[in-house]
Amino acid sequence: MARVVFNNVSKRFDDGTLALQHFSLSIQNGEMVVLVGPSGCGKSTVLRLLAGLEEVTAGEISINNRIVNHATPQQRNVAMVFQNYALYPHMSIRRNLEFPLRMAHIPMPAIREKVTAIADMLNLSELLERKPKQLSGGQRQRVAMGRALVRDPSVFLLDEPLSNLDAKLRAQIRADIAQLQKRLHKTTLYVTHDQVEAMTLGDRVAVMNAGSIQQVGTPDELYRQPHNIFVAKFIGNPGMNIIPSKVLNTGNEGVDLAIGTQVIRLSALSQPDDETIRKHIDREVHVGIRPEAFSILPEQNSVEIRIKTVAVEFLGHESLIYFNLREAGDSCPDIPLIARIAGKLEQPHGGDEMFYINPDSVYLFDRNGDIIR
Amino acid sequence: MNHRRVLNSVLVYSLLPGMSLIFLIPVWMMLAGSFKADDLVLQHAGSLQGYFPASMSMQNYQDVFDRVPFLRYLLNSMLITSTIVIAGALVNSLAGYALARLRWPGRDWILLVIIALMIIPLEAIAVPLFYEVTLLGWRDTYLVQIVPFIANAFSIYLFYTFFLGLPREFEEAARIDGAGSWRIFFNIVAPNAKPVYAAVAILTFLTQWGSFLWPLMVTHSEEVRPLPLGIAAFYTLPPLQWGDIFAFGVMMVSPVLLVFIVFQRWFVAGVATTGVKG
């Protein structure tokens with residue numbers, strides 16, 4: 001049981017790379033926080049700093065209100081599952097599971113008891129006498145989890161634990177991890193580059209880019225209220241469509257946006273933050289529309305937009321439609337956009353179509369990519 | 001295409017027995033000669049008879065034990081070589097690990113110096129080294145034949161390259177599990193480096209077992225001299241008897257062959273993992 005706080009942590013490596021800057025995050029007792037971001041964004045560095053494998057350059061890390069900046073990994077009582085599992089190849093599975101307990105100088109009978117218990121919990125009892133290389137990927141993954149859990153750590157760290165598994169196994173073990181975490185109620189920091197893992201596993205998710213946090217929130221918050229374009233594009237599969245645009249006018253009737261040669265009016269937008277939007281009149285903005293916000297049939301209040309279909313992918317329960325807003329002589333840049341429509345959609349003749357957008361699902365970002373509304 | 005490949009294989013495989021023979025014949029001749037009466041050795045040397053033991057006399061072997069303290073030489077060689085091999089494995093692997101993994105000032109420079117040292121042969125430094133051990137008063141001891149050869153640049157480099165390629169995660173996992181640096185080295189790193197230990201052990205053994213120049217320079221009493229000086233003694237001990245020399249040679253080479261046969265598989269694996277040609 002532990003509460004973890006990163007307070008304004010920065011990390012600069014010996015070669016001068018700034019991997020992390022002014023990183024602040026607190027993880028509540030028993031909470032599972034997922035760090036997600038593209039590769040090289042510093043998420044693994046956060047994990048290694050908390051594990052004690054790297055030293056912070058500035059700032060403080062505390063576990064249960066005790067600053068652990070200079071504590072050894074053992075003193076921090078953290079356990080970690082590595083991406084490649086890092087099972088000791090020359091030891092049997094039993095010895096692998098025993099190792100952290102032996103290091104803690106626990107008496108042998110107690111070690112045997114704990115190893116048996118954890119092997120039962122993770123279905124490893126049959127495999128105890130084997131060597132890691134005789135196990136399948138999924139089995140190795142379970143051993144790695146077992147080795148981390150066996151000494152009852154206060155913080156549990158997972159570094160892309162599913163990325164070496166095939167898609168089917170990944171979904172299954174993802175569910176197992178979620179279940180295990182609920183049962184054991186361990187403070188957990190989970191690192192991944194896969195937003196699906198982040199959304200399904202995290203109590204809260206921290207989206208990172210270029211060494212700093214872009215937004216922290218529940219999966220629902222990140223999906224519904226992204227703070228900037230990066231988060232909007234990263235969360236969701238496919239991510240949000242971003243279209244350069246311009247605010248023409250705002251008033252009682254709504255906000256008029258110019259997208260290429262088309263003008264769309266978002267009536268629902270105007271009321272709450274009229275002033276904020278007014279500041280952006282005649283300025284460049286970005287319109288964000290989730291692929292799921294498009295429909296092929298008009299609904300109440302929906303706004304219509306002319307599109308040109310490029311390709312259709314039928315996925316069974318839904319279709320992905322690749323399109324753009326280009327028209328003859330159109331100055332609108334050829335931005336590939338994606339819509340997600342339930343069911344099967346035949347590719348229309350000629351490719352010209354009409355889409356309807358729910359104005360409540362339209363986001364506006366300023367020139368710097370921060371949310372306006 | 002296929003035809004050519006078959007032809008290629010036929011060519012290669014018909015050459016291989018020939019090549020093996022070239023290497024095996026001298027050894028065989030030594031073995032055959034060691035069982036012959038002394039006057040027959042030279043008499044048969046030019047003919048096919050040289051390759052067959054005319055008699056199975058053990059007289060030459062008996063002579064070796066009578067004329068020189070063979071057992072003394074053997075024990076000396078075993079003591080010197082095994083101490084160098086064991087201490088060398090420990091020291092050089094630790095050095096290689098420190099260079100590959102630990103961060104300390106001057107590391108890159110020292111690595112450079114070690115790599116440079118690999119190309120300097122013993123002959124080049126034998127005389128200054130001789131002065132040094134004389135100053136230390138080590139001449140004519142076991143110590144002088146052991147200490148200078150424990151640390152070895154080439155062995156360090158072999159370990160260094162292997163440890164560089166070992167995934168860091170093993171050590172990091174062990175650190176998080178609560179192991180200290182020494183335990184990580186002996187419990188996690190070293191067991192995974194067995195092939196390199198084997199390769200280094202065999203290479204060191206081979207070099208040291210045949211070492212001649214240095215012992216000749218620094219020793220003069222039979223009590224501390226190794227086998228290669230023993231065999232040399234026959235050339236200066238009249239009458240010159242080739243049969244005795246062959247018998248001595250057989251007994252000197254046998255332990256080397258034995259070591260190599262026992263560790264062969266590890267040795268091949270070690271050479272393969274470190275990418276070094278022996």
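All chains are named by letter (A, B, ...) in the order of the sequence lines, taking the proteins before the strands, and each is independently numbered beginning at 1. All of these numbers come straight from a predicted model, not from anything done at the bench. Just the heavy atoms: all of them, side chains too, but no hydrogens, waters or symmetry mates, feed the values below.
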Ion pair present between B/E172 and A/R48, side-chain N to carboxylate O less than 4.0 angstrom? yes
May I have the step-by-step check of salt bridge (Lys or Arg N to Asp or Glu O under 4.0 Å) for A/K11 and A/E55, ending in yes or no? CA-CA 8 Å; A/K11 172 69 186 175; A/E55 285 229 6; over 6 Å; no
The test is ring pair (Phe, Tyr, Trp, His ring centres under 6.0 Å); show your working for B/F159 and B/Y197 and say whether it passes. CA-CA 8 Å; B/F159 280 114; B/Y197 279 101; 4.9 Å; yes
Determine the option with the most heavy-atom pairs under 4.5 angstrom with chain A, choosing from B/P167, B/G180, B/A173. B/A173
Between A/F82 and B/I176, is any pair of side-chain heavy atoms under 4.5 Å apart? yes
What residue in A/H90, A/R151, A/Q74 has the most heavy-atom pairs under 4.5 Å with chain B? A/H90
Most heavy-atom pairs under 4.5 Å with chain B, out of A/A144, A/P73, A/A104, belong to A/P73
Looking only at the side chains, is there a donor atom on one of B/N152 and B/Y157 sitting less than 3.5 Å from an acceptor on the other? no
When heavy-atom pairs shorter than 4.5 Å are enumerated against chain B, which of A/P89, A/G52, A/A51 gives the highest number? A/P89
Is it the side chain or the backbone of B/R183 that comes within 4.5 Å of chain A heavy atoms, both, or neither? side chain
B/Y142 side chain to B/N76 side chain, donor-acceptor N/O pair below 3.5 angstrom: yes
Name the option with the most non-hydrogen atom pairs under 4.5 Å to chain A; the candidates are B/P191, B/G178, B/A179. B/G178
Taking side chain as everything from C-beta outward and backbone as N, CA, C, O, which of these in A/D14 sits under 4.5 Å from a heavy atom of chain B? Side chain, backbone, both or neither. side chain
Do A/R147's NZ or CZ and the ring of A/Y85 fall within the cation-pi criteria of under 6.0 Å and 45°? no
Proximity breakdown for A/A79 and chain B, heavy-atom pairs closer than 4.5 Å: backbone
Heavy-atom proximity to chain B below 4.5 Å, by part of A/R76: neither
In terms of heavy-atom proximity below 4.5 Å to chain B, should A/L87 be classed as side chain, backbone, both, or neither? backbone
Which atoms of A/R102 are under 4.5 Å from chain B, going by heavy atoms: the side chain, the backbone, both sets, or neither? neither
Looking at side-chain heavy atoms only, is the closest gap between A/H70 and A/Q75 below 4.5 Å? no
